[in-house]
Trainee: 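Once you've had a glance at the structure underneath, I'll fire off some questions.
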Amino acid sequence: QVQLVESGGGLVQAGGSLRLSCAASGLTRGNYAMGWFRQAPGKEREFVAAISRSGGSTYYSDSVKGRFTISRGNAKNTVFLQMNSLKPEDTAVYYCAAQEWRNGWGAEDSYDHWGQGTQVTVSS
């Protein structure tokens with residue numbers, strides 16, 4: 001059974017930082033791309049960042065480029081999202097996703113598996 005477990009969310013003031021983690025287990029393939037999406041209240045889920053299977057390529061939405069960094073841990077089943085210079089508009093539930101069999105990086109249907117999400121709240 002595939003599981004993606006996110007952690008690290010919380011409440012932070014504007015300008016602060018948070019680091020999200022996602023640990024994957026139960027995937028069949030030994031390597032897979034991973035991504036982060038977010039969903040704010042009343043809005044659709046949107047792409048935030050992704051990292052390739054090898055970790056050699058990263059992708060970011062324009063809204064977080066230069067502030068967020070996605071990376072893989074030494075254990076390849078772990079991915080992090082370092083979020084700096086947080087803004088109130090970054091408030092959302094953040095979801096981790098794993099791409100085991102599909103392709104692409106920016107669309108929800110590019111990913112096979114999803115975590116339950118972790119809440120990030122940025123106060124002004």
Trainee: Is F47 reachable from V64 through a run of hydrophobic residues whose side-chain heavy atoms are each under 4.5 Å from the next?
Mentor: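 Unlinked, V64 and F47 end up in two clusters.
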Trainee: Who passes side chain to side chain contact (heavy atoms under 4.5 Å, CB included) against D109, sequence neighbours left out?
Mentor: R102, A107
Trainee: Counting only N and O atoms by type, is there a donor-acceptor contact under 3.5 Å from the side chain of N77 to the main-chain atoms of S25?
Mentor: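 The answer is no, because no donor-acceptor pair under 3.5 Å joins these two groups.
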Trainee: Which atom pairs, one a donor and one an acceptor, fall under 3.5 Å between side chains of residues 2-10 and the rest of the protein, sequence neighbours left out?
Mentor:
{"from": "E6", "atom 1": "OE1", "to": "Q116", "atom 2": "N", "distance (Å)": "3.2"}
{"from": "E6", "atom 1": "OE1", "to": "G117", "atom 2": "N", "distance (Å)": "3.0"}
{"from": "E6", "atom 1": "OE2", "to": "C96", "atom 2": "N", "distance (Å)": "2.8"}
{"from": "E6", "atom 1": "OE2", "to": "G117", "atom 2": "N", "distance (Å)": "3.1"}

Trainee: If Ile, Leu, Val, Met, Phe, Trp and Tyr residues are connected whenever their side-chain heavy atoms lie under 4.5 Å apart, and connections chain through other members, are M34 and F68 in the same group?
Mentor: yes
Trainee: Quick one: does any side-chain atom of S110 pair with a main-chain N or O of N103 as donor and acceptor, under 3.5 Å?
Mentor: yes
Trainee: Are V48 and V93 connected, step by step, through hydrophobic side chains (Ile, Leu, Val, Met, Phe, Trp, Tyr) whose heavy atoms are closer than 4.5 Å?
Mentor: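 No, V48 and V93 fall in different hydrophobic clusters.
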Trainee: Enter the distance from S71:OG to I51:CD1 here, rounded to the nearest 0.5 Å.
Mentor: 6.0 Å
Trainee: Closer than 3.5 angstrom, by distance alone: can the side chain of D112 be matched with the main-chain N or O of W101 as a donor-acceptor pair?
Mentor: yes
Trainee: Who passes side chain to side chain donor-acceptor pair (under 3.5 Å) against S17, sequence neighbours left out?
Mentor: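 Listed in chain order: N84.
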Trainee: Would you indicate whether the side-chain heavy atoms of W114 and R45 approach each other to under 4.5 Å?
Mentor: yes
Trainee: Looking only at heavy atoms, what is the nearest atom pair of A14 and S124, with distance?
Mentor: CB-CA, 4.3 Å
Trainee: Taking all non-hydrogen atoms of both residues into account, name the closest pair between V12 and G16 and its distance.
Mentor: CG2-CA, 3.9 Å
Trainee: With rounding to the nearest 0.5 Å, note down the distance linking CZ in R19 to CE in M83.
Mentor: 11.5 Å
Trainee: Mind checking the CD1-CD spacing from I70 to Q82? Nearest 0.5 Å is all I need.
Mentor: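 Those atoms lie 12.0 Å apart.
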Trainee: Identify, with sequence neighbours excluded, every residue that meets ring-ring contact (aromatic ring centres under 6.0 Å, His included) alongside Y59.
Mentor: W105
Trainee: Restricting to side chain to side chain contact (heavy atoms under 4.5 Å, CB included), what partner residues turn up for K65, sequence neighbours left out?
Mentor: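 With neighbours one apart ignored, the set is Y60, D62.
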Trainee: Is the Lys NZ or Arg CZ of R72 less than 6.0 Å from the centre of Y32's six-membered ring, within 45° of the axis?
Mentor: yes
Trainee: I need the T91 OG1 to Q119 CD distance, nearest 0.5 Å.
Mentor: 7.5 Å
Trainee: With sequence neighbours left out, which residue pairs that include part of residues 23-41 fulfil the salt bridge (Lys or Arg N to Asp or Glu O under 4.0 Å) condition?
Mentor: R38-E46, R38-D90
Trainee: In terms of hydrophobic clustering (I, L, V, M, F, W, Y; side-chain heavy atoms under 4.5 Å; direct or indirect links), are F37 and F80 co-clustered?
Mentor: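 F37 and F80: separate clusters.
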Trainee: Report the distance from atom CG of L81 to atom OH of Y94, rounding to the nearest 0.5 Å.
Mentor: 7.5 Å
Trainee: Do Q13 and L86 make a side-chain contact, defined as non-hydrogen atoms from C-beta onward lying under 4.5 Å apart?
Mentor: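 In short, these two side chains do not touch, never coming nearer than 4.5 Å.
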